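Here the structure comes first, spelled out in C-alpha cells, and everything after it is commentary.
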2 protein chains.
Amino acid sequence: MDNYYVLVVDDEKEIRDGIEIYLKNEGVTVLKAKDGIDALEILNEHQVHLIILDIMMPRLDGISATYKIREKKNIPIIILSAKAEDTDKILGLQVGADDYITKPFNPMELVARVKSQLRRYVTFGTYEGINKVIDLNGLTLEKSAKEVTVHGETVKLTPIEYKIVELLMTNAGRVFSINEIYEQVWNEPCYNAENTVAVHIRKIREKIEIDPKNPRYLKVVWGIGYKMEK
Amino acid sequence: MDNYYVLVVDDEKEIRDGIEIYLKNEGVTVLKAKDGIDALEILNEHQVHLIILDIMMPRLDGISATYKIREKKNIPIIILSAKAEDTDKILGLQVGADDYITKPFNPMELVARVKSQLRRYVTFGTYEGINKVIDLNGLTLEKSAKEVTVHGETVKLTPIEYKIVELLMTNAGRVFSINEIYEQVWNEPCYNAENTVAVHIRKIREKIEIDPKNPRYLKVVWGIGYKMEK
DNA sequence: CATCAAACTTAAGAAATTCTTAAGAATTAT
DNA sequence: ATAATTCTTAAGAATTTCTTAAGTTTGATG
C-alpha cells in the first residue's frame with residue numbers, strides 16, 4: 001500500500017491521529033483535515049487516492065463535502081459516522097460515498113475497507129491523478145511508470161532518487177528542508193542523515209541537470225533546503 | 001440501473017425473493033442461486049455484474065465461493081452474513097469481497113450499497129471489458145483467446161505466466177512491485193514469495209524475449225518492480 | 001574587505017540490497 | 001505413470017545506498 005495517499009477528515013484530533021497510526025502501518029501516507037473546508041483545500045494541493053470523511057463536522061459537514069468532492073474528484077470516499085441510522089447510511093451512499101462505517105468502529109475493519117477500495121479502484125491507473133504527467137520546463141514525471149525525462153530523454157533514477165524527485169516535483173516551488181525530505185522519503189525521523197540527502201541531491205543533479213554546478217531545476221535555498229523550480 | 005444483472009446467492013428462499021423484489025424495483029435483473037456450487041454454474045452461463053453472497057450456505061460457503069469467483073471473474077461481491085463479528089468482516093474483505101453487510105439488514109441499505117458498487121464498477125470499467133487485442137511493438141495479447149504472440153508467433157504460456165503477462169500488458173508502462181504482481185495474480189497477500197515471482201518473470205522472458213538478458217518488453221525498474229514497455 | 005563558521009558540494013569505496021539464474025523438489029494435471 | 005507446472009533454495013552478479021572526508025561557496029562580522 002505504499003505510494004497511496006489517504007485524506008482523513010474528522011474534527012476530533014484523537015480520531016484523526018488514531019486512524020493515521022493504523023494506516024501508516026500499512027504503508028499508506030496520511031493527510032489530515034479537521035473539516036470539509038480544509039479537506040477541499042488539501043484536495044486542491046495534494047494528490048489523494050481515497051478520503052475518509054466524518055459526517056458531523058463544523059463548517060462543512062460530511063454529506064455536503066461529499067457532494068463538493070464528487071464535483072471535482074472521482075476518488076473513493078468512505079464515510080465515518082456516529083449515526084447508526086439506516087437512513088443516514090443510505091443517504092451517504094446515494095450522495096456518492098463508496099462505503100459507510102459507523103462509530104465506534106474496529107480500526108482493523110476500517111483498514112480492511114480502505115484496502116478493499118484501493119485494491120479495486122486505484123490499482124489500475126485508469127483514473128485521474130495516478131497517470132498524471134507533471135511537466136516543469138522540459139522535466140517530466142510520470143508516476144505510474146515511475147519515469148522521469150529531461151527534454152524527452154528518459155533519466156534512469158534509483159528508487160530513492162525517484163522518490164525525492166517525485167516529492168519535489170509534485171510540490172514544485174515549495175522548499176523542503178533536508179529533514180523534511182528525509183522524513184518524507186525514508187518515512188522515519190531524520191537523525192544525522194543530512195549528508196545522505198545531500199549526496200542523493202548530487203546524484204540527481206548529475207542525471208537531470210545539463211550543468212550540475214548551475215542547476216536549472218533542482219535549486220538550493222540557502223540555509224533552508226531544496227526545491228524544484230516551477 | 002437497467003441492464004444490470006445481479007446474482008443473489010442465499011440458501012433461504014425468503015431472503016432471495018425479498019432481495020429480488022427490492023432490486024427489481026430499481027430496474028436490476030436478478031438471478032438467484034441457493035448455494036456456491038449453483039452460483040458458479042450460473043456465472044459460467046450468464047453475464048453477471050455483481051454478486052450478493054451469503055456466508056453460511058451448504059455445500060460451498062461464501063468465503064470459499066468468493067475465492068473461486070475471484071479466480072474467474074473480477075466483478076463486485078457483497079457478502080451477506082448473520083455474523084456481526086469484526087474478524088469475519090475483515091476476513092471477508094481480505095478474501096476479495098468489496099462490501100460486507102450483516103443480517104438483519106435494511107433492504108434499502110443493501111440497495112444503496114449495490115448501487116454504489118455498480119456505479120463504481122461502470123465508471124472505472126474494471127469489469128471484463130470488450131475483448132480488445134493489445135499490441136505493444138509486436139507483442140500482442142488477445143484476452144478472449146488467452147493468447148500471446150511475438151511477431152505473429154504464438155507463445156505458449158502457462159496459466160500463471162499468462163496472468164502476469166495480462167496484468168502487465170493491460171497496464172503497459174505502469175510499474176508493478178513484486179508484491180502487487182503477487183497479490184493481483186495469486187489473489188492473496190504476498191508473504192515471502194518475492195522470488196517466486198522473479199522465477200516466473202525469468203520464464204516469461206525466456207519465451208517472449210529474443211534476448212532474455214536484454215529484455216525489450218518486460219523490463220525491470222530497479223528497486224521497484226517490473227513493467228511492460230509501452 | 002579579510003576572516004570565519006556554517007552550509008553546501010563532491011568523490012570514492014565499503015556495505016547492503018535487489019535481481020538473475022539454475023537446478024531440483026513438490027505439486028498438479030493428463 | 002508421465003508430463004507439465006509451480007515453488008523453493010541458493011549462489012553469484014549487478015545495483016543501490018550509505019559513510020567518510022575533503023573541498024567549495026555563502027553570509028555574517030569586525
Side-chain angles (χ1 to χ4, degrees), chain A residues 2 146 148 154-166 168 175-228, chain B residues 67-68 71 146 148 155-165 168 175-209 211-227:
Chain A
D2 279 4
K146 305 225 183 291
V148 172
T154 299
V155 177
K156 208 185 148 211
L157 296 175
T158 69
I160 286 188
E161 286 162 9
Y162 175 81
K163 278 192 183 178
I164 294 172
V165 170
E166 185 183 279
L168 296 180
V175 184
F176 287 83
S177 74
I178 285 188
N179 271 269
E180 277 179 306
I181 293 174
Y182 193 90
E183 277 162 23
Q184 288 288 324
V185 171
W186 277 261
N187 242 317
E188 58 186 60
C190 174
Y191 176 68
N192 270 7
E194 285 77 11
N195 202 42
T196 302
V197 175
V199 169
H200 286 294
I201 295 286
R202 167 72 175 80
K203 294 280 183 189
I204 292 167
R205 280 181 174 155
E206 214 166 60
K207 293 177 180 178
I208 68 171
E209 301 285 359
I210 297 161
D211 178 8
K213 300 203 180 197
N214 293 24
R216 177 181 171 195
Y217 299 117
L218 210 176
K219 300 242 167 125
V220 66
V221 180
W222 251 81
I224 305 192
Y226 298 92
K227 70 167 176 181
M228 203 60 90
Chain B
Y67 264 121
K68 300 228 177 225
E71 280 173 18
K146 297 216 184 300
V148 173
V155 177
K156 206 187 151 209
L157 296 175
T158 68
I160 286 188
E161 286 163 9
Y162 175 80
K163 278 192 182 181
I164 294 173
V165 170
L168 297 180
V175 183
F176 287 82
S177 72
I178 286 187
N179 271 270
E180 279 179 307
I181 294 173
Y182 193 89
E183 277 163 23
Q184 290 292 328
V185 171
W186 278 260
N187 250 314
E188 58 187 61
C190 173
Y191 176 67
N192 269 8
E194 285 76 11
N195 204 41
T196 301
V197 175
V199 170
H200 286 292
I201 294 286
R202 170 73 175 77
K203 294 280 182 190
I204 292 168
R205 280 180 175 158
E206 220 164 55
K207 293 179 180 177
I208 68 172
E209 301 285 359
D211 178 7
K213 300 203 180 198
N214 293 24
R216 178 182 170 194
Y217 300 116
L218 210 176
K219 299 243 167 126
V220 66
V221 179
W222 252 84
I224 302 190
Y226 297 92
K227 70 170 173 182

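Since the model is a prediction, treat every value here as computed from it, not as a measurement. Chain identifiers are assigned alphabetically (A, B, ...) following the order of the sequence lines, protein sequences preceding nucleic acid strands; residue numbering begins at 1 within each chain.
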Query raised in the report: How close or far is atom P of D:dC18 from atom CD of A:Glu161, stated in whole angstroms?
Result: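 Nearest whole value for this atom pair: 11 Å.
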Report task. Figure out the OH/C1' separation between B:Tyr182 and D:dC7, and round it to whole Å. Result ->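 So the OH-C1' distance, B:Tyr182 to D:dC7, works out to 9 Å.
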If only side-chain N and O atoms of [X] are considered, is one of them under 4.0 Å from the OP1 or OP2 phosphate oxygen of [N]?
{"X": "A:Trp186", "N": "D:dT17", "answer": "no"}
{"X": "B:Thr158", "N": "D:dA4", "answer": "no"}
{"X": "A:Thr196", "N": "D:dT17", "answer": "no"}
{"X": "B:Arg202", "N": "C:dT21", "answer": "yes"}
{"X": "A:His200", "N": "D:dC18", "answer": "yes"}

Query raised in the report: A:Arg205 versus A:Val220: any side-chain heavy-atom pair under 4.5 Å?
Result: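 SC-SC contact between A:Arg205 and A:Val220 confirmed.
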Query raised in the report: Is there side-chain contact between B:Glu194 and B:Asn179, with heavy atoms separated by less than 4.5 Å?
Result: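 B:Glu194 reaches B:Asn179 side chain to side chain.
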Partner set under side chain to side chain contact (heavy atoms under 4.5 Å, CB included) for [X], not counting sequence neighbours:
{"X": "A:Glu180", "result": "A:Arg174, A:Phe176, A:Ser177"}
{"X": "B:Ile224", "result": "A:Lys146, A:Pro159, B:Val175, B:Val221"}
{"X": "B:Arg202", "result": "B:Glu206"}
{"X": "B:Leu157", "result": "B:Val148, B:Val155, B:Glu161, B:Tyr162, B:Val165, B:Lys207"}

Requested in this report: Taking ring-ring contact (aromatic ring centres under 6.0 Å, His included) as the test, write out the residues that go with A:Trp186, two or more places apart.
Outcome: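 For A:Trp186, the residues satisfying ring-ring contact (aromatic ring centres under 6.0 Å, His included) (neighbours in sequence not counted) are A:Tyr182, A:His200.
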Query raised in the report: Can you list the residues that meet the salt bridge (charged side-chain N to carboxylate O under 4.0 Å, His left out) rule with B:Lys219, with sequence neighbours excluded?
Result: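 Checked B:Lys219 against salt bridge (charged side-chain N to carboxylate O under 4.0 Å, His left out); matches are B:Glu229.
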**Report entry** Residue list, salt bridge (charged side-chain N to carboxylate O under 4.0 Å, His left out) with A:Lys156, at least two apart or on another chain
**Finding:**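 A:Lys156 satisfies salt bridge (charged side-chain N to carboxylate O under 4.0 Å, His left out) with no residue once adjacent residues are dropped.
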Query raised in the report: Closest to the B:Ile160 side chain: C:dT9, C:dT20, D:dT6?
Result: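 Output: D:dT6.
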Requested in this report: Could you pick out which residue, B:Val221 or B:Glu206, lies toward the 5' side of DNA chain C when each is mapped onto its nearest nucleotide?
Outcome: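 Looking at DNA chain C, the more 5' nearest nucleotide goes with B:Val221.
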Query raised in the report: Base, sugar-phosphate, or nothing for A:Tyr226, non-hydrogen atoms under 4.0 angstrom?
Result: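 Contact class for A:Tyr226: sugar-phosphate only.
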Report summary line: Contact string for nucleotides 22-30 of chain D, one letter per nucleotide 5' to 3', B = base within protein heavy-atom range under 4.0 Å, S = sugar-phosphate only, - = neither, reads ---BS----
Report summary line: Per-nt protein contacts along nucleotides 23-30 of chain C (heavy atom under 4.0 Å; B base, S backbone sugar-phosphate only, - none) come out as --------
